Amino acid sequence: MTRYTPSEIEARWQDAWAKSDIFKAVRSADKPKYYVLEMFPYPSGRIHMGHVRNYTMGDVIARYKLAKGFNVLHPMGWDAFGLAAENAAMQKGIHPGVWTYQNIEDMKAQMKPLGFSLDWSREIATCHPDYYRHQQAMFIDMIEAGLIYRKNAIVNWDPVDMTVLANEQVEQGRGWRSGALVERRELTQWFFKISDYSEELLSALDTLENWPAKVRLMQENWIGKSRGLQFGFSTTNAPEGFDRIEVYTTRPDTLLGASFVGISPDHPLAKLLERDDPAVAEFTAECRKGGTTEEAIETAEKLGFDTGIRVRHPFDTAQELPVYIANFILMDYGTGAIFGCPAHDQRDFEFATKYGLPIIATYLPGEDSDDRLDAAYVPPKTEKVFYNRGFAGEQWQTGLEAIDAAVTFCESQGVGQGVTKYRLRDWGLSRQRYWGCPIPVVHCDACGVVPEKKENLPVQLPEDVTFDIPGNPLDRHTEWRTTPCPSCGKSALREPDTMDTFVDSSWYYARFTAPHADTPTVMEDAQYWMNVDQYIGGVEHAILHLLYARFFARAMHMTGHLPESAIEPFDALFTQGMVTHAIYRSTGPDGRPVFHYPEEVELKGDRAFLKDGGAEVEVIPSAKMSKSKNNVVDPLHIISAFGADTARWFVLSDSPPERDVEWTASGAEAAFKHLSRVWTLSDRIAAMADDGTGEGDDDLLRQMHKTIHDVTMGVESFGFNAAIAKLYGFTATLQKSKASKGAQRAAIMTLAQLMSPMTPHLAEDIWAAQGGEGLIATAPWPAADEAMLKDDTVTLPIQVNGKRRAEIDVPADMPKEDVEKAALAHEAVIRILDGASPKKVIVVPGRIVNVVV
RNA sequence: GCCCAAGUGGCGGAAUGGUAGACGCAGGGGAUUCAAAAUCCCCCGCCGCGAGGCGUGCCGGUUCGAGUCCGGCCUUGGGUACCA
């Protein structure tokens, strides 16, 4: 008897796959194509459990579709630009490029032993000039197509390091390195006009039937279509040019409850006032402290400054409202100005209470309700309420009815217009960083901003840069920046900013269809391979990446780089849950937090101590695995101890794929034992005498067909953990079976096939040992025989008043009336009824009987 | 703050509105063994001797029947536009 030795088996079959080249994707007219894509990794240097989980799921689909006869495209690449490489450069003095390419090599070496069915000949890295030159070419096309423009936008500014900070680099309002209070500062930046596509991106969500409903809903809310009223308040004492203040409101039905007007600190009026009035300047400076995230702005203490300016209420000109500058009003949304209705908005309520402004209800729960409110009264929009200060029309209305009525009324009175607005803002793509795709434009004193000539692409990143001083090294690299103006030829300066890395990941799926072409894409290849049939990745990308990619596909179509059929690039989406792990944190000598790797920590109950020195560290439970928090778990020890198949089987069996999992390694050994058991079982069956005798062949084959059915359904619906449970069950059945060698051989070969997408090496080995033809990877997927799936008898539970009291075995096709009779004749039922006659008997065929008394 | 999810035994989890806890882990008992490892078999939600009762985060509702649907909460996680 031999033992299951994955190290030998896995190397052997990976060789066999490589030699036969079965995962290389070639266009073919004979077979339907299938494009499986997992969100490509950031090359952090080490693969973690999240990667193993993601790529194993994709591999199961890819291998399953291959067995189903599809021409499968399953590529892999690297999302290789980003902040971490620059951090490494600063911390370790390594060039970001050297660090990134080394990481790619390391991670590839870690991925290869997992036996994924990838076409490595299509590998791409976004940091390679062969990739980003095409991105630059498309950027120029998109400028010409009017899809890109420049405007001012706000960034996090570190006043000590004199640099722009990413949101991640702002910790509690302070710069992560300098510790200085971060300020919001304006900078001229490049933007994609994604807002031109708001309606299109919203309405097309309905066509994405194979996307999770939650992702579509999140995108819908993010785009944030709203219908409201835009109108002007006329001012009484404002500076010239500000006779009116335009506001936008989604609740015009509360206009008669207005008690103040609020403008953003970035509103033109606020900017004018701060120029002449130091008190205003002081206040707006205060408002600009802290980071730029919506979270930071929304959760900051609500501050207001009375400008002294007054406006007239449009329907009650005697009523004057004060104009406040308020820190919670965003210049990017609506008109940058609002009216406050404290009675029906909690934020306005708190603001009014703080600054002593009136609270005027326009609607109430009922006609007799007290209108002195202790908190804002905000009923659901679909519930009828009593309008005590509404516009003309019914007094009992839902919010939605009242809003429509208010818009119509205001328009008829010449107060503003009904308008549709979207929350979605244009996509700012400029980054003041080195390790990204250079924006291919030149700033010329004479000609202004000029795109680089396409024949001069790529605009390549210079190698000779240092990271010893904060800031973007491109900014101070005079030699690189100096270049002839593409228009007039005089000396000019290159744009020092690089592109947001979301640009890189917005079109890589298209590049995979022709990864070595001289143009960004090749129409024929894009036509053939697009769309991605199944896209798989973390739910944390539900909004930004997936929305940007949807926009970019449209922009590529508009500039001739994708066919119209590919404007929704992902036909089906599956969002896997994240692999989470506790974070171990202590405080370093400089007072900054230090994050410890799980392997550096020893757990004692709920508390954690450093193995080195024994100091206690803080445990932050269950958070997304993140490089910067060091809470990543290395899968390599599972692979080296038990093999790739065990690691793959385990990540699939342990939890439902869409759910987050807290990583524990307790089950990996059990997975290995099971695979050993299957291997030994195959060995035993191969050694059986083939004398044609045996018992229970039919039962075994019925079980086999049920398993084919269940596992196929499981794989199709991403129910991998449930599919694996069925495979455990069938393995146990086969182990106990006394069936003939023929039946057992058929069973083990089918079992191997059903397992092959998950544990491909073991499956190949069993297939070969049982004399299977060719590679199991290309053997046709087994089909379940419908006739074998039905049982002759079923066990029905009998409920009395919804409580289970007994069960009966009946023929599967027994008529309802007979089932009812049989149920009522059951002694337990007779005892409980105790002579009473049932009011009703519900018989659900094949399911249940419920007796109601 | 806002948007989206999730919550079921000691643990991971299963369950088209129809027997809650499949399958696995941990635990307990047994077989085998000189002994151990490995392997195999049995038990395993809570309370109760039992009959039985209770039980899917909390409160309420719809239904013959709710883990599942509806309303309201709580907790945890993700996103919040420069982490990717």
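Because the structure is predicted, anything quoted here is derived from the model rather than measured. In the text below, chain A, chain B and the rest are named by the order of the sequence lines, each starting its count at 1.
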Out of [options], which nucleotide sits closest to the side chain of [X]?
X: A/Asn167; options: B/rG24, B/rU19, B/rC83; value: B/rC83
X: A/Ile543; options: B/rA5, B/rG18, B/rG79; value: B/rG79
X: A/Asn721; options: B/rU19, B/rA14, B/rG53; value: B/rA14
X: A/Thr293; options: B/rA81, B/rA84, B/rA5; value: B/rA81
X: A/Ile842; options: B/rA81, B/rC41, B/rG18; value: B/rG18
X: A/Lys840; options: B/rA84, B/rG18, B/rC64; value: B/rC64
X: A/Ser655; options: B/rA81, B/rG13, B/rG79; value: B/rG13
X: A/Glu295; options: B/rC40, B/rA14, B/rU80; value: B/rU80
X: A/Met218; options: B/rU19, B/rG78, B/rC64; value: B/rG78
X: A/Arg677; options: B/rC40, B/rC25, B/rU19; value: B/rC40

Pick the [atom1] atom in [N] and in [M], then give their distance to the nearest Å.
N: B/rU39; M: B/rU75; atom1: C1'; value: 44 Å
N: B/rG30; M: B/rA35; atom1: P; value: 14 Å
N: B/rG67; M: B/rA20; atom1: C1'; value: 8 Å
N: B/rG48; M: B/rU63; atom1: C1'; value: 32 Å
N: B/rC83; M: B/rG78; atom1: P; value: 15 Å
N: B/rA22; M: B/rA15; atom1: P; value: 12 Å
N: B/rG7; M: B/rG55; atom1: C1'; value: 16 Å
N: B/rG24; M: B/rC41; atom1: P; value: 11 Å

Can you check B/rG9 for me, syn or anti if syn means within 90° of 0?
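Because its glycosidic torsion lies within 90° of 0, B/rG9 adopts the syn conformation.
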Does either side chain, that of [X] or that of [Y], offer a donor lying less than 3.5 Å from an acceptor on the other one?
X: A/Asn721; Y: A/Ser653; value: no
X: A/Thr163; Y: A/Asp158; value: no
X: A/Trp211; Y: A/Gln219; value: no

Considering every strand and a 4.0 Å limit on heavy-atom distances, what is the contact class for [X]: base, sugar-phosphate, or nothing?
X: A/His545; value: nothing
X: A/Val851; value: nothing
X: A/Lys803; value: sugar-phosphate
X: A/Gln346; value: nothing
X: A/Leu424; value: base
X: A/Gly82; value: sugar-phosphate
X: A/Pro656; value: sugar-phosphate
X: A/Leu544; value: base
X: A/Phe502; value: base
X: A/Thr501; value: sugar-phosphate
X: A/Val215; value: nothing
X: A/Arg805; value: sugar-phosphate
X: A/Ser505; value: nothing
X: A/Trp222; value: base

Are the side chains of A/Arg423 and A/Ser226 in touch, meaning some heavy atoms are under 4.5 Å apart?
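No, side chains not in contact.
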Pair A/Phe650 and A/Phe672, ring centroids less than 6.0 Å apart:
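Here the rings of A/Phe672 and A/Phe650 have centres that are no less than 6.0 Å from each other.
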[X] [atom1] - [N] [atom2] separation (whole Å):
X: A/Glu171; N: B/rC83; atom1: CD; atom2: P; answer: 12 Å
X: A/Glu658; N: B/rG77; atom1: CD; atom2: C1'; answer: 14 Å
X: A/Asp710; N: B/rA22; atom1: CG; atom2: P; answer: 17 Å
X: A/Ile724; N: B/rA14; atom1: CD1; atom2: C1'; answer: 14 Å
X: A/Lys214; N: B/rG77; atom1: NZ; atom2: P; answer: 16 Å
X: A/His541; N: B/rC3; atom1: NE2; atom2: C1'; answer: 18 Å
X: A/Glu350; N: B/rG1; atom1: CD; atom2: P; answer: 11 Å
X: A/Leu727; N: B/rG13; atom1: CG; atom2: P; answer: 20 Å

Pair partner, [N] [Watson-Crick or wobble, under 3.5 Å]:
N: B/rU63; answer: none
N: B/rG1; answer: B/rU80
N: B/rG27; answer: B/rC43
N: B/rG7; answer: B/rC74

Residue-phosphate contact under 4.0 Å: A/Arg659 side-chain N/O, B/rG7 OP1/OP2
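So the side-chain polar atoms of A/Arg659 do come within 4.0 Å of the phosphate oxygens OP1 or OP2 of B/rG7, strictly under.
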Presence of donor-acceptor pair under 3.5 Å, side chain of A/Asn850 and base of B/rC64:
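Such a pair is found, so the answer is yes.
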Check: A/Arg423 side chain, B/rU80 base, donor-acceptor under 3.5 Å:
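In this structure, the two groups form no donor-acceptor pair.
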Would you find more than 12 non-hydrogen atoms of other residues, nucleotides or ligands less than 6.0 Å from A/Lys706 atom NZ?
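Check passes, neighbour count above 12.
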Tell me whether the count of non-hydrogen atoms from other residues, nucleotides or ligands lying under 6.0 Å of NZ in A/Lys151 goes above 12.
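Enclosed.
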For the pair A/Asp426 and A/Lys193, find out whether any cationic side-chain nitrogen is under 4.0 Å from an anionic carboxylate oxygen.
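No, this pair does not count.
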Inspect the contact between A/Glu186 and A/Arg288 and indicate whether a charged nitrogen and a carboxylate oxygen are less than 4.0 angstrom apart.
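Salt bridge: no.
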Starting from the 5' end of RNA chain B, give me the residue, A/Ala213 or A/Val539, whose nearest nucleotide shows up first.
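Here A/Ala213 is the residue nearer the 5' end.
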Report the distance from atom CZ of A/Arg177 to atom CE of A/Met90, rounding to the nearest 0.5 Å.
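Those atoms lie 5.0 Å apart.
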